[in-house]
A.B. asks: 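Pasting a structure below so you can have a look.
Small disclaimer: the values here were computed from a predicted structure and weren't measured.
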Amino acid sequence: MTEKLHVDLSGAPQTMLATFYAKALDADLEKPILGDRWAKDIVDRIDYDWSQTTITARNSPAVTTRSAHFDNWAAQFLAVHPEARVLHLGCGLDSRYYRLDPGPGVEWYDVDYPDVAGLRRQLFPPREHCHIVAASVTDPAWLADIPADRPTLMIGEGLTMYLTEADGIALLRRIVDHAPSGELQFDAFSRLGIKTQWTNAVVRRSGATLYWGIDGPQDILEAVPGLRLLQWVSPFDSSTFADVSRPFRVMAKVMSLSSKLRYMAQYHRYAF
């Protein structure tokens, strides 16, 4: 039997284990939302008490509907730009590259802290056009090493809320200034979502802290010159939310009665 990899993370990097486990549980459902067999196969190779994540099959759609949504947006971009560069920021153990399986014209960069990058190298098979970058996404140095010669897609799923506003804005500006054209695709919590972070069991148990609240596109458009809004939606309005269980649909209906609750989490998509 292959020896399992021991994982010892805390703070924001630890939250990736919860999102990863949600995808593994989803893969075993009769009607999975994401159907990520990579997560299912890899979870058994990690030595970790998964009960610490507070994730169950019942609440896994809170993660998998979001991941499926950004898979769809990324696939749309790559269909138009088959020779793009993709910056998958704060990637954790997400298998998006393998799920989308882009053509050989795409150069893909999975960027995360060195300890997370080390795990990726041990758990995922190497691919010629998929590069692992061991760095904090807020460190300007790694981006300077990425060629600026192609349309570029930045994906930041489950990232912005862990950044300070100053670091987040600086990161988005660097990418827009660096690449000739492209898109920014990311999710965010509103300021209310940040204020109520104590209700988020995954964040609370990891010891992480959420910082940056974004109330809508105007917050981004005013701070990052050169952007054009493509889409801004509540998770409840995503097509990936259509297959959730009845309790999730009831919750969404109730929360949608208040715009503040409906957009406590948001999906953002901009062109530049």
Side-chain angles (χ1 to χ4, degrees), residues 11-13 15-16 18-19 62-63 65-74 77 87-92 94 96 111-112 136-140 143 152-179 182-200 202-204 206 208-238 240-241 251-252 255-272:
T15 62
M16 75 167 188
T19 57
V63 171
T65 53
R66 181 183 71 179
S67 293
H69 180 94
F70 283 99
D71 277 5
N72 291 343
W73 273 2
F77 180 87
L87 310 177
H88 189 198
L89 307 187
C91 59
D94 185 73
R96 177 161 285 122
V111 186
D112 214 318
S136 167
V137 300
T138 59
D139 181 353
L143 183 59
T152 299
L153 168 62
M154 184 215 86
I155 307 171
E157 181 188 351
L159 172 68
T160 64
M161 58 287 295
Y162 294 99
L163 307 179
T164 64
E165 180 175 357
D167 281 346
I169 292 298
L171 171 62
L172 300 184
R173 286 178 174 175
R174 276 197 299 274
I175 293 171
V176 171
D177 290 343
H178 178 83
E183 288 188 16
L184 308 179
Q185 301 177 2
F186 58 88
D187 65 310
F189 285 165
S190 67
R191 288 177 176 84
L192 176 61
I194 299 299
K195 288 179 181 178
T196 58
Q197 62 182 277
W198 58 271
T199 65
N200 189 319
V202 170
V203 173
R204 188 173 65 248
S206 71
T209 301
L210 306 183
Y211 297 99
W212 186 17
I214 300 170
D215 284 337
Q218 205 59 34
D219 290 356
I220 301 299
L221 295 171
E222 291 177 355
V224 185
L227 292 183
R228 175 170 58 89
L229 177 66
L230 296 178
Q231 288 178 274
W232 176 65
V233 299
S234 162
F236 305 145
D237 297 324
S238 170
T240 62
F241 202 80
M251 175 200 69
M255 291 183 68
S256 293
L257 295 175
S258 163
S259 62
K260 287 188 176 181
L261 295 179
R262 182 178 182 179
Y263 289 100
M264 195 154 66
Q266 314 151 29
Y267 301 154
H268 291 246
R269 184 178 186 179
Y270 302 89
F272 63 90

A.B. asks: Suppose we screen for side chain to side chain contact (heavy atoms under 4.5 Å, CB included). Which residues come up paired with Phe236, at least two apart in sequence or across chains?
C.D. replies: Ser234, Phe241, Met251, Ala252, Met255, Ser256, Arg262
A.B. asks: Which residues pass the ring-ring contact (aromatic ring centres under 6.0 Å, His included) test with Trp212, not counting sequence neighbours?
C.D. replies: none
A.B. asks: First locate atom CH2 of Trp198, then atom CG of Leu210, and finally report the distance between them rounded to the nearest 0.5 Å.
C.D. replies: 13.5 Å
A.B. asks: Which pairs count as salt bridge (Lys or Arg N to Asp or Glu O under 4.0 Å) when at least one residue sits in residues 163-175, sequence neighbours excluded?
C.D. replies: none
A.B. asks: Compare all side-chain heavy atoms of Leu89 with those of Ile175 and state whether any distance is below 4.5 angstrom.
C.D. replies: yes
A.B. asks: Between Leu229 and Tyr270, which heavy-atom pair has the shortest distance, and what is it?
C.D. replies: CD1-CE2, 3.6 Å
A.B. asks: For the residue pair Ala188 and Thr160, what are the closest heavy atoms and their distance?
C.D. replies: CA-OG1, 3.5 Å
A.B. asks: Provide the closest heavy-atom pair for Gly156 versus Asp187 in the form atom of the first, atom of the second, distance.
C.D. replies: O-OD1, 3.2 Å
A.B. asks: Mind checking side chain to side chain donor-acceptor pair (under 3.5 Å) for Tyr263 and listing every partner two or more places apart, or none if nothing turns up?
C.D. replies: none
A.B. asks: Looking at residues at least two apart in the chain, or sitting in another chain, which of them share a side chain to side chain contact (heavy atoms under 4.5 Å, CB included) with His178?
C.D. replies: Leu143, Ile146, Ala148
A.B. asks: Not counting sequence neighbours, which residues clear side chain to side chain contact (heavy atoms under 4.5 Å, CB included) with Lys195? List them please.
C.D. replies: none
A.B. asks: Measure across Glu157 and Val63 and return the closest heavy-atom pair with its distance rounded to 0.1 Å.
C.D. replies: OE2-O, 4.3 Å
A.B. asks: Measure the spacing between CE of Met154 and CG of Leu172 and express it to the nearest 0.5 Å.
C.D. replies: 5.5 Å
A.B. asks: Mind listing the closest non-hydrogen atom pair of Thr15 and Ala208 along with its distance?
C.D. replies: CG2-CB, 4.3 Å
A.B. asks: What pairs with Ser136 under side chain to side chain donor-acceptor pair (under 3.5 Å), at least two apart in sequence or on another chain?
C.D. replies: Thr138
A.B. asks: Using every non-hydrogen atom in the two residues, find where Ile194 and Phe189 come nearest and quote the distance to one decimal.
C.D. replies: CD1-CB, 4.1 Å
A.B. asks: Atom SG in Cys91, atom CE in Met16: separation rounded to 0.5 Å?
C.D. replies: 8.5 Å
A.B. asks: Considering residues at least two apart in sequence or located in another chain, which fulfil the side chain to side chain donor-acceptor pair (under 3.5 Å) criterion with Gln266?
C.D. replies: Trp232, His268
A.B. asks: So, do Val233 and His69 sit near enough that their side-chain heavy atoms are less than 4.5 Å apart?
C.D. replies: yes
A.B. asks: Quiz question: by atom type and distance under 3.5 Å, do the side chains of Gln231 and Trp73 form a donor-acceptor pair?
C.D. replies: yes
A.B. asks: Between CG of Leu153 and CG of Leu87, what distance do you get to the nearest 0.5 Å?
C.D. replies: 7.5 Å
A.B. asks: In Å and rounded to the nearest 0.5 Å, what is the CG to CG distance from Leu261 to Leu192?
C.D. replies: 6.5 Å
A.B. asks: Once salt bridge (Lys or Arg N to Asp or Glu O under 4.0 Å) is applied, what residue pairs with a partner in residues 221-231 remain, sequence neighbours excluded?
C.D. replies: none
A.B. asks: By side chain to side chain donor-acceptor pair (under 3.5 Å), which residues pair with Asp71, not counting sequence neighbours?
C.D. replies: Arg96, Arg99
A.B. asks: Decide yes or no for Leu159 and Phe186: does some side-chain heavy atom of the first lie under 4.5 Å from some side-chain heavy atom of the second?
C.D. replies: no
A.B. asks: For Asp219, give me all partners under side chain to side chain contact (heavy atoms under 4.5 Å, CB included), at least two apart in sequence or on another chain.
C.D. replies: Arg191, Ile214, Asp215
A.B. asks: Quick check for you: to the nearest 0.5 Å, what is the distance between Asp94 atom CG and His88 atom NE2?
C.D. replies: 4.5 Å
